[in-house]
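This report refers to the structure that appears directly beneath it.
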Amino acid sequence: MEKYNPQEIEKKWQKIWEKNKASKMDKDNLKKKFYVLDMFPYPSGTGLHMGHTESYTASDVFYRFKKMQGFNVLHPQGFDSFGLPAENFAIKTGIHPSETTKKNMENYIRQMKSLGFAYDFDEQAVTSDPGYYKWTQWIFGKFFENGLVYKKTTKTNWCRSCQTVIANEQVAEGKCERCGTDIELKEVPSWFFKITDFAEELINDLDKVDWPEHTKKNQRNWIGKSEGATVSFEIKISNENGISNDKFPISNQFSNSNNQIPKQTIEVFTTRVDTIFGCTYLVVAPEHPLIKNQELGIKNQDEIGEYVKKAKNKTELDRMEAKDKTGVEIKGIKAVNPFNGEQVPVFVADYVLGGYGTGAVMAVPAHDERDWEFAKKYELPIRYVIAPLCGSYQRPSMNDYKTYETLEGLKKQIINDKNDEVVKSILTECKISKKAHINDGITIYSDKYSFLNSEQARQKMTEWLKKEGLGKKIVNYRLRDWSISRQRYWGCPIPIVYSPKGEARFVGEENLPWTLPADVDFVPTGVAPLAKSEELKKRVENIFGKGWTAEYDTMDTFVDSSWYFLRYSDPHDDKAFCSKERLEWLPVDLYIGGAEHTYMHLLFARFFVKAMKKIGLLDFDEPFLKLRHQGMVLDAQGKKMSKSKGNVVNPDEMIEKFGADSVRTYMLFAAPLEDEVMWNEQNIVGVYRFFEKVWNYVESWNESYEKDIADNKNNIEFYKKSGDDGPDFRTASRLHKTIKKVSEDIENLKFNTAVSQLMIFVNYIREDKGIGKFLKESMDVPMTIPQLEKLIILLSPFAPHITEELWEKLGHKESIFNEEWPEYDEKLIADEEVEMVVQVNGKVRDKIIVSADISEDDAKQKALSSEKVQAHLSGEVKKIIFVKGKLVNVVV
RNA sequence: GCCUCGGUGGUGAAAUUGGUAUACACGUUGGACUCAAAAUCCAAUAGUAGCAAUACUGUGAGAGUUCGAGUCUCUCCCGAGGCACCA
């Protein structure tokens with residue numbers, strides 16, 4: 001008997017698959033098509049990490065499963081090969097990024113092949129390949145022509161260390177996500193994609209896709225839609241004699257309305273107009289134009305100027321670390337609340353953001369936490385105008401909240417109660433609780449808007465504002481346009497040239513790919529590396545004429561990865577990013593990848609599809625119909641793997657030690673796909689032993705078979721018995737239950753339980769002693785040829801190498817992956833007898849074997865006649881519950 | 001602070017979605033084989049009491065709904081991840 005030697009057979013089959021081009025597929029056949037996609041990796045110098053290994057195994061298993069079910073499955077792989085690490089490496093060593101990248105990709109491909117992943121590497125998408133980025137640039141051109149790209153000089157996040165602009169999404173805690181340097185704000189001209197145009201669709205269309213709920217929720221939060229209203233507060237200017245009514249026309253660039261407001265006003269944005277009677281002051285952001293307005297006669301101009309200057313010097317991090325809210329009152333002006341005519345002070349404070357809403361807010365400390373903090377610090381009045389509907393706290397006068405659940409109830413209570421007990425107790429409660437009450441409730445002390453619930457109040461107040469021309473309903477998004485310019489070398493060149501007058505122009509389709517020049521110095525100087533290229537300079541002048549200059553920035557690498565899934569079905573096309581016919585493969589049916597891409601990549605890819613659809617390049621609106629995340633792979637102690645901790649596990653070593661089949665299967669067996677997996681070398685031996693058992697079973701099966709034939713024994717009929725129902729119903733039934741369970745579990749990506757079911761079945765055929773005598777040489781439960789073949793097919797998606805080998809040992813010349821996935825037989829999985837649990841008052845007292853279709857009456861009778869049950873039947877039987885095929889519960 | 005998941009043996013984890021809690025795997029202990037070790041095989045493995053059959057307790061804590069709760073409801077505790085002045 002041969003020993004299971006994974007290293008040997010795995011290399012053997014990898015060679016054969018390579019030679020036979022086993023992963024080739026017919027992309028023009030759209031019958032029963034299925035597109036399963038992995039998030040392609042950045043080819044780093046350290047090679048494939050364990051996280052990739054897990055998710056790529058998951059998709060590979062799924063791919064093989066679907067393929068054997070008769071689907072034509074597209075299962076591609078590629079490389080997100082532009083990016084900073086290769087460039088930083090070049091700065092250090094002088095080795096050109098293209099060389100590093102090429103070498104790393106070769107290593108990745110070697111590793112993926114050594115894990116047995118069935119990718120066709122002739123059909124890759126490689127983002128740094130001119131044949132690919134030609135189309136990145138082409139799409140950029142289309143966006144440009146259709147007004148979805150614009151250039152703007154703004155304060156942008158700038159990383160001093162990377163010497164480049166960073167997208168909002170790439171800033172973490174005020175630091176550069178990649179290198180950890182503090183982000184500063186710098187005025188930089190930058191190209192933007194108009195992703196905000198699609199904010200609404202990006203939220204709504206999440207309803208159309210099958211994604212994890214938390215991922216959808218996070219995307220919605222990130223886009224951050226809030227519905228509210230603008231309100232204009234008139235400014236009163238006080239002169240030495242007091243308040244004057246002088247009116248100056250000023251333009252407010254923060255205003256959302258095009259109509260000029262004739263009076264001097266401050267426009268605020270609020271989602272809680274219902275609290276406006278509780279507004280006790282106004283706050284404007286340090287960037288607000290109001291404070292630069294000389295005509296207002298602001299008395300403490302110097303003090304304010306100093307505060308603003310300080311605020312501007314603060315980095316994002318400083319702002320966040322500041323525990324205390326700070327601000328300065330703008331002396332000499334007051335703002336008038338349009339609802340009650342009250343004059344309230346105006347402050348400038350950096351807790352209000354210049355870039356959101358109108359850059360000014362009405363402060364209602366009673367019902368907003370930030371305003372509460374500020375008001376407490378500067379001893380500003382706090383006025384409660386919302387009564388809680390039902391609270392989580394108890395108080396004697398409001399212990400029965402139901403009384404107040406209707407507006408009428410509350411109103412009546414307040415009116416009836418001469419002492420205003422309820423209101424008083426609300427106020428007391430709010431004061432005692434030492435915090436703002438931010439929830440919706442019922443308006444009080446709000447003049448004619450009192451005794452409305454918050455929603456109604458907002459509606460009525462907004463209506464009035466609109467009628468009076470003092471405000472209107474608006475929707476605000478947190479999402480900003482996507483800044484894509486990077487002052488780096490190793491990225492896709494932005495295909496723009498500037499005329500001598502400085503006008504930007506797309507280089508034109510005929511000049512694509514607009515190649516990345518080779519003659520540059522990578523060392524960052526704050527000037528974009530491409531500016532140093534002579535070749536680029538000459539190219540521009542040759543094509544466009546003297547005085548024309550190139551755009552020197554390259555694109556954010558998230559642009560490259562925002563459309564790569566569109567390229568895979570047609571990666572060699574040089575007439576289109578993807579031909580019309582091949583575009584039929586889209587959208588992606590199943591996308592598997594890390595949860596860290598919840599915001600950026602997934603949002604940007606969705607934006608691309610929507611934008612391309614708008615232009616008419618596509619006809620679907622969501623790129624990924626079903627999305628699942630894989631969990632993180634941790635070390636044996638449950639710690640994150642990191643270079644600095646030195647606990648990074650290298651897949652190569654593990655394959656060398658246990659074989660690819662065991663590595664693959666263990667990754668999926670150890671925990672559910674979406675959970676964290678601890679990489680524990682001690683545990684993987686369990687999977688290795690499992691394959692050894694399977695191997696040994698087939699080996700001894702084969703030996704018996706050959707021996708029986710040599711001895712001219714009469715067992716041949718048994719082996720060849722064509723049906724699955726073999727001589728032993730038990731084996732057939734268990735096999736078919738296994739087929740059912742494994743098929744359903746793979747379909748639902750529950751690989752861990754699929755593997756355990758296979759283990760249960762293999763334990764069964766290896767263990768049984770009762771009928772094992774059938775084959776003399778073995779203690780195993782015998783299986784017929786069709787049964788054994790089905791078992792090996794069930795194992796094949798997880799362990800392609802060992803199953804190919806065993807398949808061959810059973811005398812097959814063709815690959816196992818050309819076989820059909822087995823289907824289960826309902827008749828075989830139906831049990832004739834079942835174990836029925838008998839409970840007394842919900843406690844298990846006995847288990848009896850009954851026929852599966854036992855009638856209710858028979859079951860009850862049997863249950864009652866059980867001795868063990870009777871021992872617990874003291875007193876009268878009140879009720880008997882019967883659950884078919886499961887249990888009887890006797891209630892006494 | 002807010003949002004989203006989680007909390008089940010010594011460990012990784014199952015549990016047909018309200019119906020036998022701990023499948024499968026690792027580890028541990030004992031046994032077989034061996035001169036011995038490794039490997040392999042067999043047995044035990046939630047806790048307490050008992051020779052045992054068995055009984056009681058048990059899914060982070062507490063309450064509730066139910067004939068019956070790991071699963072549903074409420075309150076609280078703990079852990080992980082994400083967001084964080086977005087008005």
Side-chain angles (χ1 to χ4, degrees), chain A residues 172-173 212-218 220-222 224-226 228 268-272 275 283 285 319-320 322 325 349-353 355-364 367-371 373-374 392 435 438 476-480 595-596 598-599 631-632 636 638 666 669-672 674-687 689-690 692-693 696 741 744 750 752-763 766-767 769 779 835-847 868 871-872 878-892:
Chain A
E173 288 179 16
E213 274 312 311
H214 68 270
T215 305
K216 288 193 194 181
K217 194 148 195 164
N218 283 342
R220 285 195 192 99
N221 287 346
W222 191 263
K225 179 181 182 174
S226 57
V268 304
F269 171 69
T270 178
T271 55
R272 293 296 303 275
T275 65
V283 189
R319 269 205 189 193
M320 255 181 296
K325 296 218 168 356
D350 65 4
Y351 81 89
V352 170
L353 306 175
Y356 186 79
T358 57
V361 303
M362 62 176 213
V364 185
H367 303 293
D368 182 280
E369 279 171 13
R370 297 150 299 186
D371 298 340
E373 269 180 57
F374 191 81
S392 54
K435 62 175 185 192
I438 58 169
N476 251 310
Y477 298 93
R478 206 186 91 113
L479 186 71
R480 302 296 156 75
E596 69 272 20
T598 302
Y599 305 105
M632 242 188 304
Y666 175 67
F669 172 66
E674 65 279 9
D675 286 8
E676 293 172 337
V677 177
M678 288 192 198
W679 186 258
N680 193 333
E681 277 192 46
Q682 219 170 23
N683 290 348
I684 190 174
V685 301
V687 175
R689 283 177 197 156
F690 166 64
E692 231 174 6
K693 270 188 208 174
N696 292 339
K741 173 94 176 135
E744 286 172 357
K750 290 164 79 177
N752 55 330
T753 47
V755 174
S756 93
Q757 179 61 37
L758 286 163
M759 286 174 168
I760 291 169
F761 184 75
V762 170
N763 284 346
R766 286 288 290 172
E767 269 172 13
K769 288 172 197 127
M779 293 289 278
E835 190 183 58
M836 185 176 76
V837 168
V838 186
Q839 298 179 328
V840 178
N841 287 340
K843 282 195 176 177
V844 180
R845 294 303 176 185
D846 200 4
K847 296 168 186 180
K868 286 176 189 167
H872 290 89
K878 285 184 192 142
K879 193 155 77 165
I880 303 178
I881 312 267
F882 171 71
V883 182
K884 196 167 186 293
K886 290 217 170 109
L887 60 77
V888 169
N889 187 11
V890 184
V891 187
V892 290

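Chain naming here is simple, since letters A, B, ... match the order of the sequence lines and numbering starts at 1 in each. Treat the numbers as computed from the prediction; the structure is a model and nothing was measured.
Closest to the side chain of A:Q839, out of B:G19, B:C56, B:G82, is B:G19. In this structure, the nucleotide among B:G82, B:G27, B:C56 sitting nearest to the side chain of A:Y599 is B:G82. Distances were taken from every side-chain heavy atom of A:K886 (C-beta onward) to each of B:C26, B:C24, B:G19; the shortest belongs to B:G19. Counting only heavy atoms from C-beta on, A:W222 has its side chain closest to B:C83 among B:C83, B:A25, B:G19. Checking B:U54, B:C85, B:A87 against the side-chain heavy atoms of A:K868 singles out B:U54 as nearest. Distances were taken from every side-chain heavy atom of A:Q682 (C-beta onward) to each of B:U20, B:G27, B:A23; the shortest belongs to B:G27. Proximity note for A:T271 (side chain, C-beta onward) versus B:A87, B:A25, B:U16: the nearest is B:A87. For A:N889, whose side chain is taken as the heavy atoms from C-beta onward, the closest listed nucleotide among B:C83, B:A25, B:G68 is B:G68.
Of all non-hydrogen atoms in A:S226 and A:T271, the two that sit nearest each other are CB-CG2, 3.9 Å. Here the closest non-hydrogen pair linking A:H872 and A:V840 is O-CG1, 3.9 Å.
Here A:V844 lies in heavy-atom contact (under 4.0 Å) with sugar-phosphate atoms only. Here A:Q757 lies out of heavy-atom contact (under 4.0 Å) with every strand. Using a 4.0 Å heavy-atom cutoff across all strands shown, A:R220 reaches no nucleic acid atom at all. Contact annotation for A:V837: base contact, defined as any heavy-atom pair under 4.0 Å involving a base atom. Within 4.0 Å (heavy atoms only), A:I881 reaches at least one base atom of the nucleic acid.
Listed for the A:N218 side chain is no donor-acceptor partner under 3.5 Å among the backbone atoms of A:Y599. Between the side chain of A:D675 and the backbone N or O of A:G631, no donor-acceptor pair lies under 3.5 Å.
Rounding to whole angstrom units, OH of residue A:Y356 and P of B:A84 are separated by 14 Å. One can place CZ of A:F690 at 14 Å from P of B:C41, the figure rounded to the nearest angstrom. Rounded to whole Å, atom C1' of B:G18 lies 19 Å from atom NZ of A:K884. Here B:C42 presents its C1' atom at 12 Å from NZ of A:K693, a figure rounded to the nearest Å. Rounded to an integer number of Å, the gap from A:K325 NZ to B:A87 P is 14 Å. Between the NZ atom of A:K843 and the C1' atom of B:U54 there is a distance of 14 Å, given to the nearest Å. Whole-Å rounding puts the A:E744 CD to B:U16 P distance at 13 Å. Regarding A:E674, its CD atom lies at a distance of 17 Å from the P atom of B:G81, rounded to whole Å.
Within the 4.0 Å cut-off from OP1 or OP2 of B:U66, not a single side-chain nitrogen or oxygen of A:K879 is found. Between A:H367 and B:A87 there is no side-chain N or O to OP1 or OP2 distance below 4.0 Å. For A:R478 and B:A84, the shortest distance from a side-chain N or O to OP1 or OP2 is below 4.0 Å.
Put simply, the side chain of A:V888 does not reach to within 4.5 Å of the side chain of A:I881, judged on heavy atoms. Side-chain contact between A:L758 and A:F690 is present, with heavy atoms from C-beta onward closer than 4.5 Å. Using a 4.5 Å heavy-atom threshold, the side chains of A:F669 and A:M759 count as touching. A:N683 places none of its side-chain heavy atoms less than 4.5 Å from the side chain of A:M678. Between A:N889 and A:K879, the closest side-chain pair of non-hydrogen atoms is not below 4.5 Å. For the pair A:M362/A:T275, a side-chain contact is recorded, criterion being any heavy-atom separation below 4.5 Å from C-beta on.
Rounded to whole Å, the separation between the P atoms of B:C78 and B:A55 comes to 39 Å. Nucleotides B:G18 and B:U65 place their C1' atoms 12 Å apart, quoted to the nearest Å. B:G79 and B:U73 have their C1' atoms separated by 23 Å, with the value rounded to a whole Å. One C1' atom belongs to B:U11, the other to B:U4, and the distance between them is 27 Å to the nearest Å. Between B:U75 and B:G81, the two P atoms lie 26 Å apart (nearest whole Å). Comparing the C1' positions of B:G47 and B:C83 gives an interatomic distance of 43 Å, to the nearest angstrom. B:U40 and B:C33 have their C1' atoms separated by 9 Å, with the value rounded to a whole Å. Only the C1' atoms considered, B:A37 is 15 Å distant from B:A32, to the nearest whole Å.
A perpendicular orientation is assigned to the rings of A:Y356 and A:F269, their planes being inclined by more than 60° (bins at 30° and 60°).
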Output a table of nitrogen or oxygen pairs between the protein and nucleotides 2-6 of chain B separated by less than 3.5 Å.
| residue | atom | partner | partner atom | Å |
| --- | --- | --- | --- | --- |
| B:U4 | OP1 | A:K217 | NZ | 3.2 |

Please list, for nucleotides 11-15 of chain B, all pairs of protein and nucleotide N/O atoms separated by less than 3.5 Å.
| residue | atom | partner | partner atom | Å |
| --- | --- | --- | --- | --- |
| B:G12 | O2' | A:A670 | O | 2.9 |
| B:A14 | OP1 | A:N752 | ND2 | 2.8 |

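Nearest-nucleotide assignment on RNA chain B puts the 5′-proximal partner with A:H872, out of A:H872 and A:V890. Ranked by how close their nearest RNA chain B nucleotide is to the 5' end, A:E692 and A:R689 are led by A:R689.
B:G9 shows a glycosidic angle within 90° of 0 and is accordingly assigned syn. Because its glycosidic torsion is more than 90° from 0, B:U16 is reported here as anti.
With a cut-off of 3.5 Å on both pairing distances, the Watson-Crick or G-U wobble partner of B:A32 is B:U40. B:G79 and B:C5 make up a base pair, with Watson-Crick or G-U wobble contacts both under 3.5 Å. In a base pair of the Watson-Crick type (N1 to N3 plus N6-O4 or O6-N4) or a G-U wobble (N1-O2 and O6-N3), with each distance short of 3.5 Å, B:A69 is matched with no nucleotide.
No donor-acceptor contact under 3.5 Å links the side chain of A:K878 to the base of B:C67.
Between the side chains of A:N680 and A:Y666, no donor N or O sits under 3.5 Å from an acceptor N or O. At a cut-off of 3.5 Å, with distance as the only test, a side-chain donor of A:K693 or A:N763 sits close to an acceptor on the other residue.
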